[in-house]
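Naming convention: chains lettered A, B, ... in sequence-line order (proteins, then strands); numbering from 1 in each chain.
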Number of protein chains: 2
Amino acid sequence: MLYAGFMSAALPPFPKPEETVGPPELLRLGTGFEEDEPCLRADAARNRARLLEAAARLVAEHGAAAVTMEAVAAAASVGKGTVFRRFGDRTGLLMALLDHSEKKFQAALLSGPPPLGPGAPPVERLRAFGCAMLRRSVDELELQLAAEPSAERRYTSPPRRFLRGHVALLLRQAAPDADSELLSHTLLAYLDAALVHHLTAQCGVPPERLRDGWLDLVARVTRTECPD
Amino acid sequence: MLYAGFMSAALPPFPKPEETVGPPELLRLGTGFEEDEPCLRADAARNRARLLEAAARLVAEHGAAAVTMEAVAAAASVGKGTVFRRFGDRTGLLMALLDHSEKKFQAALLSGPPPLGPGAPPVERLRAFGCAMLRRSVDELELQLAAEPSAERRYTSPPRRFLRGHVALLLRQAAPDADSELLSHTLLAYLDAALVHHLTAQCGVPPERLRDGWLDLVARVTRTECPD
DNA sequence: AATTAAACGGACCTCGGTCCGGATTCGTAA
DNA sequence: TTACGAATCCGGACCGAGGTCCGTTTAATT
């Protein structure tokens, strides 16, 4: 899974949890998933699979809160240290559980059918992007919340960087005179899992209102009309 | 400090850390600081002061990361349980450290001189609000980051609710046709301490650019012109 | 002085995260 | 094919910090 850099602060424990070693590639705007399992040793790969399976089972049966590092290790018949070596920390494990859907989503953005994928006008793609994100948030809310990194790393996790880059790209076309970097952060914040959870679960805001809010936000930010 | 409800999930440990008992007041849009120390017993009040002083000293001397509950308790010559009874949890303690500046800021919004306080047109107040928040973030960045609540409570902490209410109020005037509730979340997200830290410290974005970004965001959201 | 509600304190628990001695795997060469 | 050495991985003991519990102490009240 690699997630190059997002857990780089945890150097001491182990050499490093699955690192990308490739060329600089500073501009390659990767998906955050390049070279996922570089070349794991047989037992390591086996244990990795076991751990993911065990973690997924725990989530399904007892909720994300039950995903304790020790519990996962035990359920996978593996030592606790192995879990940390493989995934770095709890957040890393949880994010690994989201990798599959993440990859699919990224693929849909990069090469899927319009309006989510390329081919539609930028503003339309932005609208579709937000709606898709909101749908995703509703589905995987629990995991997304549990997998949220600490404040320092929140904005540096590869998946997030990718999404931000995507939004910034669309924004550059849809609102050329804006600071698309900063504005992309703002737009993404509207789709934040924690916020969506707060609004829907705690405030009783219906999903349609959230969707309308997104469409209106996009319209205002791009200074276009809201198709309603 | 009361923070009614934001640490209500921690019921079992102690009766409750300083709760607000007053009337419903659902609509009173409080500042989040009503009735701060209801009527603490003498020893309790003394220990509370000691603890805050000790915590502040630790922050000043060794940074927010050194503010361990045990360390604070020891530095204040108090039992560990006392810290938790008084402040609920670590976040509560850290937020209490920010109370002073928080109150001052709220007062400035409610009754200070324009354009921050009442008297200026809403859009202008919004602009001033963002700039003030950004300044605040730069000053108290470390504490603000450390005091950030977990994802579930992030949007329910009284200070946050107040700020959101304030922005929503201004927004209702400046952009009457928008969903000011949702939009206020978006605007506030731009000023989030973690984001500001990421952009300035990790991305090297200069403060002026952040400020310009805010002014532009306000202009777009309210569909006005950017005064630049 | 007696009573009672509140506060105290520190032992205790859980869980994330670390460390390191020992076991496995894999490439290499006889 | 087997032997062997090095790199990698394993596992669970260990640590620190947040959070809890409950028997004891102390401040307010009458």
Side-chain angles (χ1 to χ4, degrees), chain A residues 7-19 21 37-51 54-55 58 62 64-95 146-150 153, chain B residues 7-19 21 37-51 55 58 62 64-94 146-150 153:
Chain A
M7 33 171 131
S8 57
L11 294 175
F14 305 107
K16 222 175 279 187
E18 294 167 16
E19 175 192 16
V21 204
E37 291 132 52
C39 49
L40 248 27
R41 232 173 65 172
D43 50 351
R46 172 177 50 82
N47 285 340
R48 182 184 201 282
R50 273 194 190 176
L51 285 167
L58 281 179
H62 305 102
V67 181
T68 279
M69 295 308 255
E70 284 196 70
V72 174
S77 305
V78 141
K80 190 176 169 183
T82 301
V83 193
F84 283 95
R85 184 175 330 94
R86 196 56 46 199
F87 300 102
D89 56 13
R90 202 181 112 101
T91 293
L93 173 59
L94 266 356
M95 295 191 71
E148 174 172 296
S150 63
R153 305 184 187 170
Chain B
M7 34 172 132
S8 56
L11 294 174
F14 306 107
K16 221 175 280 188
E18 293 164 18
E19 177 192 14
V21 204
E37 291 130 54
C39 51
L40 286 182
R41 232 171 65 172
D43 50 351
R46 172 177 50 81
N47 285 339
R48 184 185 143 84
R50 271 193 191 178
L51 284 167
L58 282 180
H62 304 103
V67 181
T68 279
M69 297 307 257
E70 284 196 71
V72 174
S77 306
V78 142
K80 191 177 169 185
T82 301
V83 192
F84 282 94
R85 184 174 330 93
R86 195 55 48 199
F87 299 102
D89 57 12
R90 202 182 111 103
T91 293
L93 172 59
L94 267 355
E148 173 172 297
S150 64
R153 305 186 187 169

Practice task
Using side-chain contact (heavy atoms from CB on, under 4.5 Å) as the criterion, list what pairs up with A:Ala71, not counting sequence neighbours.
Solution key: A:Leu58, A:Thr68

Practice task
Can you sort out the partners of A:Ala44 under side-chain contact (heavy atoms from CB on, under 4.5 Å), two or more places apart, ordered by chain and number?
Solution key: A:Leu40, A:Arg41, A:Arg86

Is the phosphate of [N] approached by [X] (side-chain N or O, under 4.0 Å from OP1 or OP2)?
X: A:Thr82; N: D:dC9; answer: no
X: B:Arg85; N: D:dG19; answer: no
X: B:Arg90; N: D:dA17; answer: no
X: A:Asn47; N: D:dC9; answer: no

Practice task
Walk me through it: do A:Met95 and A:Phe87 pass the test side-chain contact (heavy atoms from CB on, under 4.5 Å)?
Solution key: CA-CA 9 Å; A:Met95 295 191 71; A:Phe87 300 102; over 6 Å; no

Identify which nucleotide among [options] has an atom closest to any side-chain atom of [X], counting heavy atoms from C-beta outward.
X: B:Lys80; options: C:dG10, D:dC9, C:dG16; answer: C:dG10
X: A:Phe84; options: C:dG16, D:dC10, D:dG18; answer: C:dG16
X: B:Met69; options: D:dG18, C:dG17, D:dC9; answer: D:dG18

Handout entry: Of all pairs that satisfy salt bridge (Lys or Arg N to Asp or Glu O under 4.0 Å), the ones with a partner from residues 66-77 of chain A, not counting sequence neighbours
Key = A:Glu70-A:Lys80

Exercise for the section: Indicate for each nucleotide in nucleotides 21-27 of chain C, in 5' to 3' sequence, whether protein heavy atoms under 4.0 Å reach the base (B), only the sugar-phosphate (S), or nothing (-). Expected result: ---BSS-

Exercise for the section: Using the closest heavy atom to pick a nucleotide of DNA chain C for each, name whichever of B:Glu70 or B:Ala44 lands nearer the 5' end. Expected result: B:Ala44

Exercise for the section: Round to the nearest Å and state the distance from A:Leu94 atom CG to C:dG16 atom P. Expected result: 10 Å

Exercise for the section: Specify the separation, in whole Å, of atom CG of A:Leu51 and atom C1' of D:dC9. Expected result: 13 Å

Handout entry: Minimum heavy-atom distance between B:Val67 and B:Ala55, given as atom pair plus value
Key = CG2-O, 4.2 Å

Exercise for the section: Decide yes or no for A:Asp89 and A:Arg153: does some side-chain heavy atom of the first lie under 4.5 Å from some side-chain heavy atom of the second? Expected result: yes

